[in-house]
Amino acid sequence: MLQIKNLQAKVEDKQILKGINLQVNAGEVHAIMGPNGSGKSSLASVLAGRENFEVTGGEVIFEGKDLLDLSAEDRAREGLFLAFQYPVEIPGVSNINFLRTALNEIRAYRNDPPLEAKEFLKLTREKQKLVEFDARLANRSLNEGFSGGEKKRNEVFQLAMLEPKLSILDETDSGLDIDALRIVSNGVNKLRSDKNAFIVITHYQRLLEYIVPDFVHVLYDGKIVKSGTKELALELEERGYDWIKEPVSTEPVN
Amino acid sequence: MITTTSLYDQLLAVFQERDSEQQQDWLKALKKEAFNGFEASGFPTIKNEDWRFTNVAPFLKDPFKLQPANIPLHEHRNYGAIPGLDAHEIILKNGLLNEDVAIAGLKVTPFRTALGQPALQNYLGKTIPLKNNGFAALNTALFQTGVVIEVEKNAIIDKPVRLIHVYNAEEPFFVQPRVLIVANGGSRLEVVETLFVKGNEPVFINTVSEIHVAANARLDHYNLQVGPSNVRIVNFTQVDQSGDSLYNNHTYTLPGISLVRNNLHLELNGSNTESHLYGLYLTGGNQLVDNHSLVNHKMPHCMSNELYKGVLMDESRAVFNGKIFVQQDAQKTNAFQQNNNMLLSDRAVIDTKPQLEIFADDVKCSHGSTIGSFNPEALFYLKTRGIGEIAARNLLVNAFAFDVTSKAEIPAVRNYIDKLITQKMAEAYD
Ligand SMILES: Nc1ncnc2c1ncn2[C@@H]1O[C@H](COP(=O)(O)OP(=O)(O)O)[C@@H](O)[C@H]1O
Ligand SMILES: [Mg+2]
């Protein structure tokens with residue numbers, strides 16, 4: 001589904017990503033861990049198409065297409081989704097109106113007709129239930145005045161609505177209490193299938209008890225310095241990150 | 001003074017001719033005073049502080065006639081209807097009301113007829129400044145057409161009244177309509193003013209509205225400035241509010257009309273009044289839209305709230321100038337004013353100046369203005385959900401305008417404005 005080869009990127013003349021290799025296949029969940037400032041959000045930003053990041057080397061193939069060649073909106077329409085670490089508040093744009101626009105723009109890209117009002121409503125209800133998202137929030141302005149946790153849950157609600165092929169969750173667990181964490185994880189688990197894939201960026205092993213990853217990678221200083229299975233997350237929890245700060249492999253995993 | 005000799009000479013000649021025919025002393029005196037006011041100041045120039053950013057000279061250059069072309073206006077019947085708006089209609093063709101209008105609770109009189117009624121003396125030209133106010137003075141001196149709308153005491157008008165201004169632009173035309181609205185005590189009226197222009201020649205509309213809102217009356221006044229680029233509008237609206245009255249003004253200006261200058265003056269003559277001024281200007285092309293407002297708090301316990309939002313595209317220019325005076329007796333005043341702008345083009349220009357002058361000590365007042373553009377974070381967020389550039393900008397502009405458009409209490413008007421925003425923004429990308 002996704003092949004990242006030797007990806008390098010900088011922002012404001014600062015090299016942030018220094019040669020990332022990663023392969024994600026359909027049906028897999030990959031966790032990316034690593035200390036603050038190591039470049040996890042930057043990797044997510046580059047994949048999603050944030051403009052202030054400049055790709056200085058490498059390539060990214062998504063479903064056979066050169067991802068870096070596509071605009072941010074076309075990446076989304078091709079099936080990429082980023083759940084933001086810090087979702088933005090947009091006063092005056094209603095959550096529902098925004099989702100209807102998004103869904104219909106994605107459908108238009110695929111030459112599907114816009115959803116009928118009734119179908120859209122049905123889908124909204126279904127997904128709200130799936131991720132236990134409060135209907136009152138769905139009708140408010142996009143993220144305006146939402147608590148940190150509500151914003152994260154809104155990200156997962158959007159994910160459920162848009163049904164992407166590849167979802168990147170950037171610290172979706174931070175700011176969530178244990179109940180919210182369980183709800184969000186349950187939602188994600190229900191959405192998992194052998195057709196889609198997830199990259200879960202997190203600080204804490206805790207989330208990975210709920211969303212069990214197939215692979216765990218450690219990102220440090222713009223490079224993946226260690227890859228393994230879910231046991232690696234446990235080891236990191238016990239030993240911290242210090243022991244891992246030298247790269248062991250720059251080869252693609254799998 | 002502007003050297004549009006032919007227009008100026010025509011105006012002078014017409015005044016002298018009409019002056020000699022004038023029957024009623026009070027009206028003759030008022031018109032004389034007004035014309036003197038116009039002669040003294042002439043058309044405003046950019047040397048006038050209130051017109052610094054708005055040069056009207058280029059808009060007055062055409063060979064205007066003071067009479068409309070002798071071509072009948074077609075019976076369009078709906079004259080650019082607002083979809084879904086269930087309203088009474090008052091149609092002014094080239095300023096003239098030429099059919100009887102029967103609306104329960106309303107007395108609708110053509111100005112020609114009303115001028116013969118002595119009661120008009122109590123309202124006409126009573127409070128409007130005639131010095132240093134060239135356009136309004138000129139209208140007062142020369143207007144012949146327009147309408148007087150009187151809401152009976154305690155009458156609640158069941159539906160909005162759409163006041164449709166239809167103009168013939170088959171030849172260059174300088175027109176000066178007049179509107180007088182008297183909302184008597186305890187009455188309630190919603191007025192929606194719209195414009196329909198036929199033909200492509202320049203039309204200069206110098207209009208004056210006088211509005212009196214009596215005690216416990218409520219008037220909701222919507223002004224939709226949507227029209228083609230051969231139209232230029234200078235509008236002076238004078239609102240006099242008695243104690244315990246409520247006046248809401250919603251002014252929407254969209255791309256099209258090449259010059260719009262709105263002067264909106266509120267005189268708060270009694271205590272416990274409430275006034276809301278909501279404005280939205282979405283400008284495009286090389287349009288110039290200038291909103292000047294003045295709210296004069298003279299009595300205690302009054303509340304005024306002004307919110308104007310502007311979205312500027314292309315090479316358009318906009319001006320916002322809001323004055324609030326809180327006089328010495330106006331204790332416990334609440335007066336708020338805010339002007340926010342979004343510049344969507346680096347060729348567009350906004351000049352904004354909120355002004356607050358307070359002579360009382362126990363008041364709550366605030367004012368401010370902002371100029372910004374799209375929030376890049378918000379744009380990126382929308383795009384990551386598959387929303388393209390145009391749709392994303394559109395959502396953000398609608399969101400920006402929301403604080404103003406959501407205040408429209410007539411759903412059809414609200415929907416119409418929302419749709420126009422979307423449509424005009426899409427056109428700007430073509
Ligand atoms: N817009 C930016 N401008 C400058 N530096 C940035 C920007 N975004 C991220 N960085 C820098 O890039 C590095 C990686 O940040 P980030 O990707 O957010 O790390 P993580 O998500 O792993 O905590 C940090 O040193 C951060 O300061
Ligand atoms: Mg981060």
Compare all side-chain heavy atoms of [X] with those of [Y] and state whether any distance is below 4.5 angstrom.
X        : Y        : answer
A:Phe98  : B:Leu382 : yes
A:Arg50  : B:Glu377 : yes
A:Ile90  : B:Leu396 : yes
B:Ile387 : A:Ile106 : no

Original post:
Does any heavy atom of chain B fall under 4.5 Å from the side chain of A:Pro164, the backbone, both, or neither of them?
Top reply: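 Neither part; nothing is under 4.5 Å.
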
Subject >> Interface moiety of A:Leu99 toward chain B, non-hydrogen atoms closer than 4.5 Å >> reply: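 Neither; nothing under 4.5 Å.
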
If I compare all heavy atoms of [X] with all of [Y], which pair ends up nearest, and what's the gap?
X       : Y        : value
A:Ala76 : B:Lys383 : CB-O, 3.8 Å
A:Ala72 : B:Phe380 : CB-CE1, 4.2 Å
A:Pro91 : B:Ala399 : O-CB, 3.3 Å

For the [atom1] atom on [X], are there more than 12 heavy atoms of other groups (residues, nucleotides or ligands in this structure) within a distance under 6.0 Å?
X        : atom1 : result
A:Glu51  : CD    : no
A:Phe146 : CZ    : yes
B:Lys419 : NZ    : no
A:Lys129 : NZ    : no
A:Arg136 : CZ    : no
B:Asn286 : CG    : no

**OP:** Classify the angle between the aromatic ring planes of A:Phe84 and B:Tyr381 as parallel (below 30°), tilted (30 to 60°) or perpendicular (above 60°).
**Re:**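 Tilted, since the angle between the ring planes falls between 30° and 60°.
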
Subject >> Candidate pair A:Asn97 and B:Leu395, rule side-chain contact (heavy atoms from CB on, under 4.5 Å), full reasoning >> reply: CA-CA 9 Å; A:Asn97 191 20; B:Leu395 273 176; 4.1 Å; yes

Subject >> Engaged part of B:Asn375 at the chain A interface, taking heavy atoms whose separation is under 4.5 Å >> reply: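 Side chain only.
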
Original post:
Rounded to the nearest 0.5 Å, how far apart are CD of A:Glu155 and CZ of B:Arg385?
Top reply: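 It comes to 4.5 Å.
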
